[in-house]
Amino acid sequence: MSPADEAKREIPADERIEMLRTMRRIREFESVVQNKFADAEIPGFLHLYIGQEAIATGVCHALEEKDYLTSTHRGHGHCIARGLDTDRMAAELYGKETGYCNGKGGSMHIADVEAGMLGANGIVAGGIPIATGAALSAKMRDTDEVAVSFFGDGALSEGAFHESFNQAAIWELPLIGVIENNQYGEMTGLDEQHPPSTLDDLTIYGEPYGVHRERIDGMDVEEVYRTAMEAVERARNGGGPTLIECVAYRFEGHHEGDSQFYRPEGELDEWKQRDPLLTYPEKLVDEGVITEAEYVDMEEGIETEIQEAIEFARESPLPDPEQAYEGLYAEGGEGA
Amino acid sequence: MSPADEAKREIPADERIEMLRTMRRIREFESVVQNKFADAEIPGFLHLYIGQEAIATGVCHALEEKDYLTSTHRGHGHCIARGLDTDRMAAELYGKETGYCNGKGGSMHIADVEAGMLGANGIVAGGIPIATGAALSAKMRDTDEVAVSFFGDGALSEGAFHESFNQAAIWELPLIGVIENNQYGEMTGLDEQHPPSTLDDLTIYGEPYGVHRERIDGMDVEEVYRTAMEAVERARNGGGPTLIECVAYRFEGHHEGDSQFYRPEGELDEWKQRDPLLTYPEKLVDEGVITEAEYVDMEEGIETEIQEAIEFARESPLPDPEQAYEGLYAEGGEGA
Amino acid sequence: MSTATSGTEEMAVRDVINQALGEEMERDERVYIQGIDVNGRGGTSNILKGLDERFGDERVRNTPISEVSIVGSALGAAATGMRPVVEIMYCGFLGVAGDQLLNQVAKMRYMFGGKLDLPLTIRTKNVMGANAAAQHSQALHHWLAAIPGLKVVCTSTPADTKGLLKAAVRSNDPVMVFEHGGVYNRKGEVPTEDYVYEIGEAAVERPGEDVTVVATQNQLWNAFEAADRVDDVSVEVVSPRTISPLDTETIAESARKTGRCVVVDDTPLSYGTQSQFATTIYENAFFDLDFPVQRIGVNDVPTPFSPSLEDEVIPDTDDIADAIRKLA
Amino acid sequence: MSTATSGTEEMAVRDVINQALGEEMERDERVYIQGIDVNGRGGTSNILKGLDERFGDERVRNTPISEVSIVGSALGAAATGMRPVVEIMYCGFLGVAGDQLLNQVAKMRYMFGGKLDLPLTIRTKNVMGANAAAQHSQALHHWLAAIPGLKVVCTSTPADTKGLLKAAVRSNDPVMVFEHGGVYNRKGEVPTEDYVYEIGEAAVERPGEDVTVVATQNQLWNAFEAADRVDDVSVEVVSPRTISPLDTETIAESARKTGRCVVVDDTPLSYGTQSQFATTIYENAFFDLDFPVQRIGVNDVPTPFSPSLEDEVIPDTDDIADAIRKLA
Ligand SMILES: Cc1ncc(C[n+]2csc(CCOP(=O)(O)OP(=O)(O)O)c2C)c(N)n1
Ligand SMILES: Cc1ncc(C[n+]2csc(CCOP(=O)(O)OP(=O)(O)O)c2C)c(N)n1
Ligand SMILES: [Mg+2]
Ligand SMILES: [Mg+2]
């Protein structure tokens with residue numbers, strides 16, 4: 001199947017249901033950890049992905065196991081969509097030894113290198129050069145692996161974005177940049193952070209590099225999936241980098257604790273009409289892909305999963321203090 | 001006169017002669033210091049401006065005293081065009097106390113803040129944020145000053161360029177970026193350092209920011225002057241940033257000592273046909289603006305000037321070693 | 001500084017910052033603020049709240065997320081007549097602006113032969129102990145102090161925050177002001193009059209006879225607590241206030257008196273401030289020292305996220321008290 | 001390492017680098033080079049000449065002038081199966097990649113729970129004494145050593161260049177290799193066999209009894225010269241080789257033996273390596289020291305351009321010899 005055909009194909013029912021499930025799992029995870037954070041069970045910072053589920057889900061559904069991704073401070077959605085286990089994720093958020101990073105990373109640094117997940121990142125745009133390197137490595141090792149970097153609209157103002165895409169374009173690397181335009185960088189709207197020339201289409205930031213550019217609805221998981229699929233196939237086949245802007249909205253505060261003083265009245269409600277977890281289940285039910293009852297079952301299963309994940313996290317031990325001094329360097333190795 | 005008219009006006013003969021003189025002074029200064037460097041009279045690094053004289057000359061001729069500029073490692077041309085004295089410049093290259101920086105800066109850091117010349121810069125793209133700040137300051141202080149940043153094609157790959165132009169565009173700052181495309185970044189050609197999408201027009205790097213863009217012949221001092229004039233007038237009148245690509249060629253090595261192994265055969269000779277110090281005097285003579293004899297006189301005067309500058313530099317004392325510990329911080333001042 | 005005729009008022013560090021900046025902006029219209037979310041949110045710790053309304057959007061400028069340009073454009077503005085006060089949200093983001101700090105801000109005046117003033121203040125905060133993980137949880141004043149050409153101050157108490165921040169804003173040199181997230185809510189008496197503390201002067205915050213503790217920021221507060229706790233030992237607590245240039249004499253004088261010193265800070269033990277403080281003491285009080293200087297800091301790891309791990313790596317009151325007892 | 005069965009050959013440092021990298025690239029095809037002008041020019045000091053022809057454009061990759069991406073993409077490649085060797089032309093350009101170094105390269109493994117290897121070598125050079133002025137003339141190994149998570153080595157002699165560079169390339173951790181422009185043309189005997197020096201081990205380069213001199217790079221050569229000059233004093237010269245983690249024991253042992261120490265390096269006296277070396281000595285040889293450690297370095301200014309000024313600020317053989325005589 002050619003990439004174009006692949007992208008246009010009817011998405012099989014089981015895959016659609018799978019995407020719905022992934023989105024629902026992200027939503028559930030985020031909602032529950034939001035509560036646990038409010039209860040002071042979870043330490044540190046928490047940046048929720050609620051509202052943006054379709055992006056991580058659609059993109060990651062287009063990836064294969066061998067591929068790589070880098071994420072941001074708002075990374076739980078990418079982790080779940082990538083297939084990380086919610087129990088070890090929750091444990092990491094709780095700072096427990098059973099977490100993905102044994103409690104060393106927390107929400108802003110969850111990683112599972114085994115799964116090609118090269119880490120959330122607390123530095124805006126910090127992951128883009130790393131993904132560029134994974135794409136370079138994929139190419140040098142003569143594989144058809146691709147690397148996806150997720151980042152926010154705000155990251156487009158950092159030099160790291162530009163240096164990376166410039167280099168990726170010169171070297172024709174299999175790199176896909178996914179701009180999650182959620183309308184804000186922290187508490188400041190797009191129009192204060194980007195010139196007017198960019199506001200209609202943030203992918204214009206990639207224009208100099210001659211990369212493929214797509215601007216799509218980030219609340220439509222199937223559109224995201226199809227677009228990502230095209231980009232992935234192109235990258236696998238040596239067609240070089242793509243930059244995709246997914247237009248969406250963040251339903252919660254920038255981080256938990258944010259008063260959200262900056263939202264114009266009604267804006268949130270308007271966007272919530274397009275909540276993928278409202279529209280997509282409805283659509284699948286309407287189209288007879290899933291029954292309401294099945295969806296309720298699915299939801300219940302997910303609630304149980306996340307409840308158990310939280311239990312797992314709660315019951316896991318905190319790391320032994322001495323572990324603070326481990327893991328910085330590789331053990332042994334020649335000349336180590 | 002509207003900016004457009006201003007730019008289209010016939011350039012008066014005395015100004016044309018002045019530009020010729022400036023270019024010729026740059027050429028002479030560079031040729032002489034090249035020799036002095038070869039004789040090991042001048043320490044450190046030397047990056048010559050030979051071939052690019054029309055750029056600094058045309059741009060600086062469009063500026064007024066109140067304006068600012070930042071320069072690069074290849075900064076002598078900008079200094080001379082800005083009106084700095086060749087004797088204190090030479091003294092700085094010689095590391096003498098009478099130099100612009102009292103010998104502390106050398107070729108790569110000549111500055112004359114009094115003259116709005118905010119420094120050569122040893123870091124590629126390092127001056128762009130500084131010029132952006134001067135433009136911001138001009139605006140905040142409610143003046144109509146403008147800031148020009150000169151930089152090479154290579155600087156377009158640095159994040160600093162992007163962050164600055166993005167910010168300047170949002171804030172509509174009176175910033176003019178002058179890309180001196182001399183076909184190489186060090187010993188590597190443009191096509192290895194920039195994606196194919198940029199090679200026909202490097203100002204595309206400014207496309208995302210919606211700034212005004214011009215690509216011109218950097219060996220034609222009048223075209224440079226007219227284009228700069230338009231950009232300057234626009235910036236003075238609140239019309240925001242401009243990015244100008246001046247297409248030119250570096251006639252000498254990247255720095256003195258460069259073997260120039262990388263030049264395709266014949267390339268240099270071809271470009272030398274367009275040497276502004278060949279074509280412009282010819283043109284002015286042809287058009288009767290200056291006679292051959294007058295030009296010979298001018299050249300002799302310049303040779304004397306530069307010879308005297310070198311003498312001044314040679315005869316000036318080296319700074320007293322103890323001065324190494326002065327000048328780091330301001331003396332006195334509240335809370336200093 | 002004389003506070004003889006002046007009253008004092010109890011304030012939290014965070015309110016002192018707001019007040020001091022407001023006063024400086026009133027005093028000199030060239031002073032302005034730029035940074036991420038400084039307008040609206042009032043900066044990353046909401047400390048600047050209200051300055052936007054008082055001084056307008058031009059003087060409290062929201063920038064894009066572009067640390068290179070935030071720092072670099074402030075430098076350019078400082079070189080041409082303005083007196084910018086930059087906020088870098090967390091000190092961990094200073095790395096993004098690494099070149100502008102290392103090569104432009106720090107070297108510009110010197111390279112140019114000392115011929116221009118650079119009245120540039122860069123405020124940022126050390127954060128340790130907030131479970132913010134390795135990138136957000138750092139103390140980096142040692143890293144900036146390692147660059148000649150940057151003056152570096154560390155604010156710790158309400159009173160020194162006022163004196164040092166005002167001094168930074170009025171200084172004609174680039175000054176890095178390191179605040180600390182862990183002391184923002186600390187309260188103390190602050191003289192109501194206008195004053196500056198000299199940059200480059202340390203202070204004996206609490207006089208004593210037996211053991212000297214040199215401490216910064218949250219560790220200064222821990223040092224006070226430790227001093228209270230070991231009440232059989234007379235502890236002298238010294239706050240360097242300025243990290244670069246360091247006030248060698250004040251620190252050494254205390255060391256010569258007590259002959260026993262503890263130095264404590266949130267930076268790493270290798271190449272952190274403690275080694276510089278200790279060296280200063282050894283060199284200037286060598287023949288008066290009874291024991292080696294006790295260095296307390298982070299044992300050369302990034303800051304881990306988990307509370308159990310972070311508690312382990314960050315120095316606390318117990319560590320200081322133990323070190324005092326060991327010497328006494 | 002045993003060189004018993006091995007011959008030696010006289011080589012210049014610059015040729016050792018070329019040879020060692022060539023051998024490592026032959027040994028492991030995952031090893032590759034990226035940086036500005038590494039292909040064609042052979043890197044900023046032409047040291048890599050010929051590697052492009054031997055290994056092709058893919059493995060000797062010219063990058064755009066983009067230090068953030070040069071370092072960051074190498075990190076990403078290291079995390080996914082390659083073993084990059086990056087060249088940063090002058091150490092002064094490390095600031096451009098400040099965030100990638102401070103927050104990504106140094107912290108990635110630790111933050112991720114120690115679960116990945118990062119076989120990344122970053123070569124750069126200190127330059128002092130070449131009249132290259134403040135931005136190009138710097139020694140910054142102390143600045144990188146101040147970041148936990150980066151191993152930092154300083155190469156000085158032909159033999160240690162081979163041993164340390166090979167160790168760096170084979171290490172599964174990020175290693176910053178600081179070369180020094182002032183020693184590239186130094187010659188010395190190099191064992192012809194394949195060997196690595198353990199990262200984290202210092203070496204007594206020249207044994208002695210009366211005074212210890214701890215020195216790096218060009219100052220190591222100056223120390224040899226100074227030791228020759230003061231021939232009435234028996235000088236022990238120690239090369240730390242690795243700056244982070246520092247080999248405390250080797251340095252302290254020498255200090256305990258001699259009781260008199262000089263530490264000399266091209267970094268600034270405040271927050272430079274000298275303070276860390278000195279602290280190490282004071283703490284581990286406190287009761288054996290007869291005098292304070294003599295620190296020699298740059299007196300807290302950027303490097304000035306003019307020869308008369310640069311000569312003043314950079315330590316030289318005279319400074320070392322004077323310090324030795326002062327102690328002896
Ligand atoms: C280099 C750097 N600067 C500033 C910050 C603080 N910060 C954290 S998230 C954020 C906003 C990012 O906006 P965007 O990229 O749009 O992502 P979003 O939060 O909207 O998902 C900022 C400024 C940071 N983490 N790193
Ligand atoms: C940040 C940084 N990286 C690398 C260098 C080394 N360097 C000096 S000049 C130069 C080439 C610059 O090319 P370009 O911008 O085109 O200017 P040109 O030399 O052609 O005038 C490089 C890579 C530097 N000075 N600064
Ligand atoms: Mg956003
Ligand atoms: Mg060029």
Side-chain angles (χ1 to χ4, degrees), chain A residues 42-45 73 91-97 99 101-110 120-126 152-161 184-190 192-195 254 257-259 261-262 317-329, chain C residues 35-46 49 52 57 61-72 89-90 92-100 127 129-138 181 268-270 298-314:
Chain A
I42 294 178
F45 289 114
H73 56 289
E92 189 58 37
L93 267 58
Y94 274 74
K96 297 302 182 70
E97 204 193 322
C101 309
N102 305 138
K104 287 216 179 73
S107 166
M108 269 194 290
H109 306 294
I110 299 189
N121 209 308
I123 299 297
V124 170
D153 40 277
L156 296 165
S157 300
E158 292 281 13
F161 162 79
Y184 291 93
E186 296 226 330
M187 290 73 178
T188 302
L190 284 187
E192 257 186 272
Q193 299 201 24
H194 303 280
H254 166 62
D258 172 6
S259 74
F261 65 89
Y262 47 85
L318 283 165
D320 186 89
E322 276 308 303
Q323 289 187 17
Y325 303 110
E326 285 161 25
L328 184 57
Y329 294 120
Chain C
I36 295 167
D37 269 350
V38 291
N39 192 307
R41 181 186 189 180
T44 176
S45 298
N46 312 107
K49 251 323 191 222
D52 47 2
D57 298 349
R61 301 184 82 87
N62 275 349
T63 62
I65 309 175
S66 307
E67 282 79 5
V68 175
S69 181
I70 293 171
V71 171
M89 307 174 69
Y90 286 76
F93 309 163
L94 290 170
V96 182
D99 176 66
Q100 288 291 322
V127 172
N131 307 124
Q135 292 173 339
H136 284 68
S137 199
Q138 305 194 51
L269 285 172
S270 290
V298 175
N299 198 0
D300 297 341
V301 287
T303 312
F305 165 68
S306 178
S308 71
L309 302 175
E310 191 177 24
D311 287 353
E312 164 64 28
V313 305
I314 303 179

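Every chain is numbered from 1, with letters handed out A, B, ... down the list of sequences. Atoms considered below: every heavy atom in the structure, side chains included; atoms not considered: hydrogens, waters and symmetry mates.
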* Asked: Checking heavy atoms, do the side chain of A/F261, its backbone, both or neither come under 4.5 Å from chain C?
  -> side chain
* Quick one: list whatever passes ring-ring contact (aromatic ring centres under 6.0 Å, His included) with A/H194, sequence neighbours left out. => A/Y205
* Asked: Does A/S157 use its side chain to pair, donor to acceptor, with the backbone of C/S66 at less than 3.5 Å?
  -> no
* Residues in ring-ring contact (aromatic ring centres under 6.0 Å, His included) contact with A/Y329, at least two apart in sequence or another chain -> none
* Relative to chain A, which of C/N46, C/T63, C/I36, C/D37 shows the most heavy atom pairs under 4.5 Å? -> C/D37
* Greatest number of heavy atom pairs closer than 4.5 Å to chain C - which of A/H109, A/E192, A/Q323 -> A/H109
* **Separation between CD of A/E322 and OG of C/S308, rounded to the nearest 0.5 Å** => 11.0 Å
* So which of A/E186, A/E97, A/E92, A/K96 has the largest heavy-atom pair count under 4.5 angstrom toward chain C? -> A/E186
* Structure fact -> Applying a strict 4.5 Å limit to non-hydrogen atoms, the region of A/D258 in contact with chain C is neither
* What distance do C/R41 atom CZ and A/H254 atom NE2 have between them, rounded to the nearest 0.5 Å? -> 6.0 Å
* To do: State which residues pass side-chain contact (heavy atoms from CB on, under 4.5 Å) with C/V38; sequence neighbours excluded, sorted by chain then number.
  => C/I33, C/L48, C/V60, C/N62, C/E87
* Asked: Counting heavy-atom pairs under 4.5 Å to chain C, which of A/A160, A/G105, A/G185, A/S107 comes out on top?
  -> A/G105
* To do: May I ask you to name which of A/G327, A/G154, A/G159, A/A125 has the most heavy-atom pairs under 4.5 Å with chain C?
  => A/G154
* To do: Quick one: which of C/N39, C/V96, C/I65, C/T44 has the most heavy-atom pairs under 4.5 Å with chain A, could you say?
  => C/I65
* Taking all atoms of both residues into account, what is the closest heavy-atom pair of C/L309 and A/P321, and its distance? -> CD2-O, 3.9 Å
* **Proximity breakdown for A/M108 and chain C, heavy-atom pairs closer than 4.5 Å** => side chain
* **Engaged part of A/L318 at the chain C interface, taking heavy atoms whose separation is under 4.5 Å** => both
* Using a cut-off of under 4.5 Å for heavy-atom pairs, which of A/D320, A/L156, A/V124, A/I123 has the most such pairs with chain C? -> A/I123
* **Interface moiety of A/L190 toward chain C, non-hydrogen atoms closer than 4.5 Å** => neither
* Asked: What parts of residues 299-307 of chain C touch chain A if we use heavy atoms and a cut-off under 4.5 Å?
  -> C/N299, C/D300, C/V301, C/P302, C/P304, C/F305, C/S306, C/P307
* At their closest point, which heavy atom of A/P43 faces which heavy atom of C/N131, and how far apart are they? -> CB-OD1, 3.6 Å
* Please confirm whether the backbone N or O of A/G122 pairs with a side-chain atom of C/Q135, one donor and one acceptor, at under 3.5 Å? => yes
* Asked: Side chain, backbone, both or neither: which part of C/E67 has a non-hydrogen atom closer than 4.5 Å to chain A?
  -> both
* Run the numbers on C/V313 and A/Y325 for side-chain contact (heavy atoms from CB on, under 4.5 Å), then give the verdict. => CA-CA 8 Å; C/V313 305; A/Y325 303 110; 3.9 Å; yes
* Side chain, backbone, both or neither: which part of C/A130 has a heavy atom under 4.5 Å from chain A? -> backbone
